[in-house]
Amino acid sequence: MIILFFLIMAIGAFIIIGFLTKTDNVNELKKTDASGGNDYMYDRIVAITFDDGPCSRTTNRLLDGLKERNVKATFFLVGENAESNEKVVKRMYEEGHLIGNHTYSHIKLDECNISSAVGEINKTNEIIKSITGEDVKYIRPPYGAYSDKLLSHVNMTPVLWSIDPDDWATTDTAYVVKNVVYKVKNGDIILLHDIYDSSVEAALEIIDRLSSKGFVFVTVDQLMLD
Ligand SMILES: [Zn+2]
């Protein structure tokens, strides 16, 4: 009787594992197909994104490294930092990186009223547009917190992330690199912060390690084309 019970449990587990694996594969294929188009013959596409900057010293160092590697990234800027680092924002834009909004003062958008939230977002869009001349289409809400109601007041696409190595909480570059490189898969969005030396160092090492595994870096707008 007990043996029969375990046998049934084992068969059940196999079915569940099989189903999960299958679902994963389907999603993987979908992502590859969705980003299919002309430019996407790759099955290892990944977006590397940076929040909370710019910070003149660390962001410029990162931009140097990205340029050297010919990698385009996505930056979600805090409005007040963009305001005091116009040159860095201009450089980012001119070097082909995608620039998004991360609110004016890094507020939690679901904890303030709609009009202050919209104010924070619009103010940041205006600052960025005054530097780059282009409308800002993407927003990463700080802490990933936002509401659909808020989104109905701004015409922007929210961008979250799928790999978060908590780089802001450590200066251990190797730990951050490991936490990304071992987990990453096709279609992932990696979250890092360009205001820490250790994060910049980790980002460049992540790019080198993943490039050597055949990963191609795109900006989030390219990843989200579907
Ligand atoms: Zn942030």
Side-chain angles (χ1 to χ4, degrees), residues 46-63 66 72-86 88-89 91-93 97-114 116-129 131-132 136-148 150-151 153-154 156-173 175-177 179-180 183-184 188-204 206-207 217 219-221 223-224:
V46 71
I48 190 158
T49 68
F50 298 93
D51 288 9
D52 295 4
C55 158
S56 174
R57 188 174 52 87
T58 50
T59 308
N60 271 318
R61 217 186 111 205
L62 174 64
L63 288 170
L66 293 174
K72 307 297 176 211
T74 305
F75 290 87
F76 292 97
L77 307 185
V78 168
E80 55 189 3
N81 294 345
E83 212 168 29
S84 51
N85 289 290
E86 283 196 19
V88 189
V89 180
R91 177 179 174 193
M92 227 174 238
Y93 176 73
H97 304 291
L98 180 67
I99 299 177
N101 186 323
H102 198 48
T103 75
Y104 182 74
S105 55
H106 206 274
I107 54 157
K108 224 171 166 210
L109 290 168
D110 62 341
E111 280 180 3
C112 61
N113 61 48
I114 293 282
S116 7
V118 171
E120 281 262 338
I121 295 169
N122 288 344
K123 193 174 176 184
T124 305
N125 284 344
E126 282 159 22
I127 291 165
I128 298 172
K129 191 175 179 179
I131 304 169
T132 67
V136 184
K137 295 179 186 144
Y138 297 89
I139 178 165
R140 173 167 284 153
Y143 317 99
Y146 67 98
S147 65
D148 290 338
L150 171 62
L151 280 189
H153 287 79
V154 289
M156 301 188 80
T157 306
V159 178
L160 299 181
W161 56 87
S162 53
I163 302 255
D164 177 5
D166 285 337
D167 62 308
W168 55 272
T170 178
T171 52
D172 185 346
T173 303
Y175 170 84
V176 174
V177 172
N179 256 299
V180 174
K183 288 182 190 161
V184 81
D188 268 334
I189 297 179
I190 301 165
L191 168 62
L192 292 164
H193 299 80
D194 53 315
I195 55 171
Y196 306 109
D197 285 307
S198 52
S199 299
V200 170
E201 214 171 288
L204 298 176
I206 287 165
I207 290 169
F217 291 86
T219 48
V220 294
D221 53 342
L223 200 65
M224 292 172 97

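All values below were derived from every heavy atom in this structure, side-chain atoms included, with hydrogens, water molecules and symmetry-related copies excluded. In each ligand, atom 1 is the first atom listed, and ligand 1 is the first ligand listed.
- The tally of protein N/O/S atoms under 2.8 Å from the Zn ion (ligand 1) stands at 3.
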Between R61 and D194, is a salt bridge (charged side-chain N to carboxylate O under 4.0 Å, His left out) present by the stated rule, with each step listed?
-> CA-CA 9 Å; R61 217 186 111 205; D194 53 315; over 6 Å; no
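- By the 6.0 Å contact criterion, NZ on K72 is enclosed, its count of non-hydrogen atoms from other residues, nucleotides or ligands being greater than 12.
- The side-chain contact (heavy atoms from CB on, under 4.5 Å) search around E120 returns T103, Y104, S105, I107, not counting sequence neighbours.
- Shown here are the side-chain contact (heavy atoms from CB on, under 4.5 Å) partners of Y138, two or more places apart in sequence or in another chain: F76, L98, T157, V159, D221, M224.
- In this view, P54 and T59, L77, N81, A82, N85, V88, V89, M92 satisfy the side-chain contact (heavy atoms from CB on, under 4.5 Å) rule, not counting sequence neighbours.
- Screening V200, T49, D51 against H193 for a side chain to side chain contact (heavy atoms under 4.5 Å, CB included) leaves a single residue, D51.
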